[in-house]
Amino acid sequence: MKITGGEAIMESLLKEGVNLIFGYPGGAIMPSYDALYKYKDRIRHILVRHEQGATHAAEGFARVTGRVGVCIATSGPGATNLVTGIADAMLDCVPLVCITGQVGAHLLGSDAFQEVDVIGITAPITKWNYQITRPDQIPDIFAKAFHIARTGRPGPVLIDITKNAQIETLDFVYPQSFDLPGYAPTYKPLQESIQHAAQLINQSVRPYILAGHGILISQAEKELLAMAEKAGIPVACTLHGLSSFPTDHALYVGFLGMHGNYGPNLLTNKADVIIALGMRFDDRVTGRLSDYAKQAKIIHIDIDPAEIHKNVHAHLGIAADVKVTLQMLLTLVTKKTHKSWVHQFRKCDAQEINKVIEKEIHPKVGKITMAETVQMLSDLTAGEAVVVADVGQHQMVAARYYKFKYSRSWISSGGAGTMGFGVPAAIGACLGAPGRIIVAIVGDGGFQMTIQELGTIAQENLPVKILLLNNNFLGMVRQWQQMFYEKRYSFVQLDNPDFIHVANGFRIPGKKITKREELKLGLKHLLKSQGPFLLEVVVGKEDNVFPMMPTGASVEEMRLE
């Protein structure tokens with residue numbers, strides 16, 4: 001039976017197990033939306049308020065489920081509005097399939113209405129992209145797109161489909177196999193590499209595991225825990241590695257990075273063997289490269305061979321799946337404890353507690369702090385919520401103070417640092433994990449970049465809990481201007497709207513907290529609300545986030561104040 005290209009798109013999505021998409025209709029994608037109308041009982045469509053919201057929502061869904069997120073938009077501005085989210089997904093290894101409409105094939109290159117070269121624009125920020133001009137191309141290209149998005153190092157794929165290809169018909173047959181020359185991710189490491197790695201670990205005195213996003217992507221949480229416990233190795237997490245290792249475990253030593261915990265950063269330069277798992281040695285983790293871990297033998301395990309030796313030269317590079325590699329390593333490492341080495345981290349913890357943490361979570365005077373708010377949220381939820389953070393000071397505070405109980409509980413924008421990520425990503429997380437509490441922690445700056453997605457939350461009646469930490473500043477930029485630009489606060493102060501009234505305008509209830517004695521009750525109200533809720537907490541205007549590793553500094557130059 002012949003079907004239209006638009007119907008073939010829907011059939012292809014169903015073949016890939018997709019039952020949820022995020023999008024915004026328009027002229028060049030309208031034939032596919034007409035086809036979607038016939039499939040609305042099998043494919044749920046979430047109408048966002050801006051195409052950027054569609055990509056971030058798809059990212060949130062993908063991050064919480066491990067499945068491919070799907071978004072759809074029209075040509076021209078619809079397609080270009082997806083670009084920020086696509087770039088975000090590329091940097092953070094999030095599997096997306098983004099579908100864009102395009103003008104008819106006969107109009108390509110004519111500067112027709114809403115014609116934009118989305119293939120050229122997105123080539124640097126996708127794993128793969130393709131322009132479909134004939135309906136018979138649809139099944140094969142969709143099968144390849146999903147395979148590329150989810151395998152190897154995950155990432156976004158874009159399919160641009162001309163309007164005629166959506167209207168014309170084809171005999172639909174979905175391929176069982178296909179050929180992708182040059183694309184063959186390596187999953188299993190060489191046995192000799194495993195033996196070498198085990199030898200280095202077994203001989204080490206101060207071994208150290210750096211756990212990245214790859215642990216969550218490959219679902220290697222159990223293997224990571226088993227490795228750490230068997231070999232007695234302390235574990236620190238990157239920003240995207242958070243929630244991959246229990247925060248209450250005796251071997252968990254904290255959060256790596258510019259605003260991470262003191263010990264995990266400082267003691268990087270004391271380890272004799274570093275086992276880097278599914279992480280890319282981002283500049284926020286390494287600080288000044290010339291001084292990074294020169295004393296250590298580095299074992300770098302990552303599925304993307306391009307990451308091995310890219311930023312930090314590894315003594316042993318293993319381009320393979322982290323889960324498979326750890327499973328093989330576990331049989332060869334010897335059981336050990338490294339009590340004196342772990343104790344060094346605890347000594348650093350004591351310094352950080354004394355100089356930073358105690359003051360932040362138990363302030364005696366002044367405004368409510370972000371830290372005490374997140375700490376209280378963590379306690380009230382027993383660490384069981386999915387925390388979706390926007391970008392800024394609140395993001396770093398959330399990463400530092402929320403104690404994650406389960407994996408896939410932390411979602412944020414890392415590589416791109418995309419303000420506006422939080423609310424739409426929380427929509428996707430809410431739909432991907434309907435049985436869990438979803439808390440979006442946002443600042444007043446990033447919140448206003450995608451505040452229109454409150455309309456999506458209201459229309460779908462999604463129980464997203466929004467915790468707004470409001471300091472009337474672009475806080476992170478202001479902190480840098482204070483510390484490195486002699487308090488020249490250049491265009492960072494915000495004259496904000498009445499956020500509660502804005503939420504009420506979207507039929508979302510809310511409450512504003514200004515006094516410390518109201519905070520606990522306010523957080524309880526937020527968490528007990530049946531539907532969406534906005535809790536605005538007014539925090540100190542010039543509070544800073546410490547520890548801090550200034551740009552260009554070494555990991556040994558972490559500042560506690």
Side-chain angles (χ1 to χ4, degrees), residues 48-50 52-64 84-85 87-89 91-92 94 239-240 242-243 255 257-259 284 369-371 373-374 377-378 385-402 404 409-430 437-457 462 464-480 492 494 496-497 499 502-503 508 510 526 532-539 543 545:
V48 296
R49 296 306 185 264
H50 188 284
Q52 181 183 344
T55 49
H56 292 328
E59 284 186 275
F61 174 84
R63 290 279 297 273
V64 82
T84 295
D88 190 275
L91 283 163
D92 288 348
V94 183
L239 181 68
H240 282 323
L242 290 172
S243 82
F255 163 43
M258 179 175 280
H259 290 285
R284 288 299 198 258
T369 69
M370 293 185 185
T373 306
V374 173
L377 174 72
S378 183
V386 175
V387 175
V388 186
D390 209 274
V391 170
Q393 286 182 316
H394 62 279
Q395 174 193 30
M396 295 295 100
V397 171
R400 285 175 50 77
Y401 289 98
Y402 197 87
F404 302 99
S409 294
W410 167 257
I411 299 170
S412 194
S413 171
T418 305
M419 291 177 67
F421 175 90
V423 170
I427 291 171
C430 188
I437 297 170
I438 310 295
V439 181
I441 300 181
V442 300
D444 45 313
F447 184 38
Q448 291 181 81
M449 288 191 172
T450 51
I451 198 168
Q452 69 276 2
E453 298 307 332
L454 292 177
T456 307
I457 291 172
L462 300 174
V464 175
K465 318 302 180 189
I466 303 171
L467 175 59
L468 167 61
L469 301 177
N470 184 2
N471 57 11
N472 287 97
F473 266 117
L474 299 177
M476 189 61 83
V477 182
R478 183 213 54 75
Q479 178 171 338
W480 281 60
V492 288
L494 295 169
N496 288 322
F499 288 113
V502 171
I508 294 175
L526 172 77
F533 194 91
L534 171 65
L535 182 70
E536 178 186 358
V537 179
V538 178
V539 296
D543 289 347
V545 184

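Numbers here are sequence positions counted from 1.
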What distance do [X] atom [atom1] and [Y] atom [atom2] have between them, rounded to the nearest 0.5 Å?
X    : Y    : atom1 : atom2 : answer
I451 : R49  : CD1   : CZ    : 13.5 Å
S378 : R400 : OG    : CZ    : 13.5 Å
R63  : S409 : CZ    : OG    : 11.5 Å

For [X] and [Y], indicate whether the former's side chain and the latter's backbone hold a donor-acceptor pair under 3.5 Å.
X    : Y    : answer
W410 : L239 : yes
S412 : A389 : yes
Q52  : T84  : no

For residues [X] and [Y], report the shortest heavy-atom separation together with the two atoms involved.
X    : Y    : answer
Q448 : L494 : NE2-CD1, 4.4 Å
V502 : P497 : CG2-CB, 4.2 Å
P424 : E453 : CB-CG, 4.2 Å
G414 : D92  : N-OD2, 2.9 Å
L242 : A399 : CD1-CB, 3.6 Å
A425 : V388 : CB-CG1, 3.7 Å

**Study point:** Intermediate values then yes/no, side-chain contact (heavy atoms from CB on, under 4.5 Å), T450 and H50
**Key:** CA-CA 8 Å; T450 51; H50 188 284; over 6 Å; no
Would you indicate whether the side-chain heavy atoms of [Y] and [X] approach each other to under 4.5 Å?
X    : Y    : value
D390 : M449 : no
L377 : Y401 : no
M396 : M476 : yes
Q393 : R478 : yes

Practice item. Apply the test side-chain contact (heavy atoms from CB on, under 4.5 Å) to residues K465 and L535: give CA-CA distance (whole Å), side-chain angles for both, the deciding distance (0.1 Å), then the verdict. Key: CA-CA 8 Å; K465 318 302 180 189; L535 182 70; over 6 Å; no
Exercise for review: Name the orientation class of the two ring planes belonging to F447 and F499 (parallel below 30°, tilted from 30 to 60°, perpendicular beyond 60°).
Suggested key: tilted
Practice item. Pick out which of V374, L469, L468, V537 makes a side-chain contact (heavy atoms from CB on, under 4.5 Å) with H394. Key: L469
Revision key, fill the gap. Exactly one candidate in L534, V464, I466, I427 meets side-chain contact (heavy atoms from CB on, under 4.5 Å) with L454; the answer is I466
Practice item. For F533, enumerate each residue passing the ring pair (Phe, Tyr, Trp, His ring centres under 6.0 Å) test, keeping only those at least two apart in sequence or located in another chain. Key: H525
Could you go through residues 437-446 and list every donor-acceptor pair under 3.5 Å that involves a side-chain atom there, pairing it with any protein atom two or more places apart or in another chain?
{"unit_1": "D444", "atom_1": "OD1", "unit_2": "N471", "atom_2": "N", "d": "3.4"}
{"unit_1": "D444", "atom_1": "OD2", "unit_2": "N472", "atom_2": "N", "d": "3.1"}
{"unit_1": "D444", "atom_1": "OD2", "unit_2": "F473", "atom_2": "N", "d": "3.4"}
{"unit_1": "D444", "atom_1": "OD2", "unit_2": "N496", "atom_2": "ND2", "d": "2.9"}

Check your understanding: Going through the distances and angles, do V423 and T456 end up as a side-chain contact (heavy atoms from CB on, under 4.5 Å)?
Key -> CA-CA 10 Å; V423 170; T456 307; over 6 Å; no
Point to revise | Modelled atom types, side-chain donor and acceptor of S413 and D88, under 3.5 Å | key: yes
